[in-house]
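Sending over a structure as structure tokens; questions will come in a sec.
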Amino acid sequence: RCRANVREHTMRFIALIFFGGLVPAESILVHSPPRSKGREALGQSIQRQHQSAFPVRGIRGWTRCEMLRLTCANVLAWRLFPSISFADDAPVFNLAESAVFSFRYPESFEATSKLVKTHLEELNVKSGSTRGYYAGVAVDPVKLDSLESFGSPKFVGDRVVSVERSKDGVLSADLVDSGRVQSEDGDVYYQISYINESTHGNNHYISRIAVRDQKLYVFTVQCKVKDYDALSSEMANMADSFFLKKVPSSVKFRD
């Protein structure tokens, strides 16, 4: 909707420049071309854009000069705003947020919740098309002022894997990677990747962890091991999108 509004305002601006506001902006709206490859397909897309720019209503009586201006305006908009014309090529991500944190997830995901509340605060989403593909944030109180005071990223990763191994039905768990990320605001995040094998299936996890005001924030995205190669980039983008907001210390979670 936002992209559509930008495009509409752009067309109105161009209409004002080329026609002094006499031609409706709707007459020169640029229609997004279909996804296509090759110079020939691109030329066909441009041709369709130009054809769609001339509605039946009002075209009779236009001079050749006016039609030339209209074509130039259409081409100018397409050249200046390629991201609008080809917006369908970019993945769409939705925003999930609370008063303190936020993260982005694919448009195909939907909100989900657990039957039993096990954390101080939870926010979860799941894929509507890929089974076992989940993401979410869990918040719990801790007696820590920072992650560094607890240990290194690898130390935290080893502890997480140790807890995984102690769960019922888990046959094995292994740490794949661990690292430290610091945001521009100065917040420190530990990011760990691990795999576990259980009686319920084999899963790959990516977690981003932070501590603020003696609360532990853990963002986790998981999928089946067999799906990880196809989803690894998307999962990494989701983990990278998780961050803590700058909020007054008086903000508290409801019980």
inquiry  = Same cluster or not: Leu144 versus Val160, using hydrophobic residues (I, L, V, M, F, W, Y) connected whenever any side-chain heavy atoms lie under 4.5 Å apart?
reply    = yes
ask   = Do the non-hydrogen side-chain atoms of Leu175 and Ile192 ever get within less than 4.5 Å of each other?
value = yes
key: Whether Lys245 side chain and Ser98 backbone form a donor-acceptor pair below 3.5 Å   = yes
ask   = What about Val142 and Val156, same hydrophobic cluster or not, with Ile/Leu/Val/Met/Phe/Trp/Tyr joined at side-chain heavy-atom distances under 4.5 Å?
value = yes
All pairs passing ring pair (Phe, Tyr, Trp, His ring centres under 6.0 Å) where residues 113-147 contributes a residue, at least two apart = Phe109-Tyr133
query = Is the shortest distance from a Lys or Arg side-chain nitrogen in Asp187 or Arg212 to a carboxylate oxygen in the other one below 4.0 Å?
reply = yes
ask   = Just wondering, do Val125 and Phe103 contact through their side chains at under 4.5 Å, heavy atoms?
value = yes
remark   = When every non-hydrogen atom of Pro153 is compared with those of Gly179, the smallest separation belongs to CB-O, 3.6 Å
task = Check whether any side-chain heavy atom of Arg104 sits under 4.5 Å from a side-chain heavy atom of Met238, and report yes or no.
result = no
key: Aromatic ring proximity Tyr189/Phe243, centre distance under 6.0 Å   = no
key: Spacing of Asp229 atom CG and Lys226 atom NZ [to the nearest 0.5 Å]   = 11.5 Å
task = Please tell me if the side chains of Thr130 and Cys223 come closer than 4.5 Å, counting only heavy atoms from C-beta onward.
result = no
Pairs flagged by salt bridge (Lys or Arg N to Asp or Glu O under 4.0 Å) wherever residues 190-199 is involved - sequence neighbours left out = none
message = Please say yes or no: joined through hydrophobic side-chain contacts below 4.5 Å, possibly via intermediate residues, are Val211 and Val188 part of one cluster?
response = yes
key: Flag for Glu164-Asn196: side-chain donor and acceptor within less than 3.5 Å   = yes
ask   = Any sub-3.5 Å donor-acceptor pair from Ser102's side-chain atoms to Glu97's backbone N or O?
value = no
remark   = Nearest heavy-atom approach of Met235 to Val221 is CE-O, 3.5 Å
request  = Go through the steps for Val176 and Ile195 under the test side-chain contact (heavy atoms from CB on, under 4.5 Å), then give the verdict.
outcome  = CA-CA 7 Å; Val176 176; Ile195 297 173; 3.8 Å; yes
query = To the nearest 0.5 Å, what is the distance between CD (Glu234) and CG (Asp227)?
reply = 11.5 Å
message = Less than 4.0 angstrom from a charged side-chain N to a carboxylate O is my criterion; do Lys114 and Glu122 meet it?
response = yes
Rounded distance [0.5 Å steps], CD in Gln214 versus OG in Ser146 = 10.5 Å
ask   = Would you call Gln191 and Ser178 a side-chain contact if the rule is heavy atoms closer than 4.5 Å?
value = no
ask   = With the 4.5 Å side-chain cut-off for hydrophobic clustering, are Val161 and Val225 part of the same group?
value = no
query = Between Asn94 and Glu107, which heavy-atom pair has the shortest distance, and what is it?
reply = ND2-CA, 3.6 Å
ask   = Would a distance-only check, ignoring hydrogens and angles, find a side-chain to backbone donor-acceptor pair under 3.5 Å from Arg180 to Tyr190?
value = no
ask   = For atom CZ of Arg159, is the number of surrounding heavy atoms from other residues, nucleotides or ligands below 6.0 Å larger than 12?
value = no
remark   = Closest non-hydrogen atoms of Ala210 and Leu244, given as atom of the first, atom of the second and distance, are CB-CD1, 3.9 Å
ask   = Can you find a pair of side-chain heavy atoms, one from Ile209 and one from Leu147, that are under 4.5 Å apart?
value = yes
query = Considering residues, nucleotides and ligands other than Lys224, do more than 12 of their heavy atoms fall under 6.0 Å from its NZ?
reply = yes
request  = Name the orientation class of the two ring planes belonging to Tyr217 and Phe101 (parallel below 30°, tilted from 30 to 60°, perpendicular beyond 60°).
outcome  = perpendicular
task = Establish, from distance only, whether the side-chain atoms of Thr220 and Ser207 form a donor-acceptor pair under 3.5 Å.
result = yes
remark   = Separation between CG (Leu231) and OG (Ser127), nearest 0.5 Å, reads 8.0 Å
request  = May I ask you to check whether Phe219 and Phe242 place their ring centers less than 6.0 Å from one another?
outcome  = yes
key: Asp185, CG: over 12 other non-hydrogen atoms inside 6.0 angstrom   = yes
key: Greater than 12 external heavy atoms within 6.0 Å of Asp140's CG   = yes
request  = Decide yes or no for Tyr194 and Asp158: does some side-chain heavy atom of the first lie under 4.5 Å from some side-chain heavy atom of the second?
outcome  = no
task = Return the set of residues passing salt bridge (charged side-chain N to carboxylate O under 4.0 Å, His left out) with Asp240 (not counting sequence neighbours), or none when no residue passes.
result = Arg208
task = First locate atom OG of Ser129, then atom CD of Glu110, and finally report the distance between them rounded to the nearest 0.5 Å.
result = 9.5 Å
ask   = Any side-chain heavy atom of Leu171 sitting closer than 4.5 Å to one from Ser198?
value = no
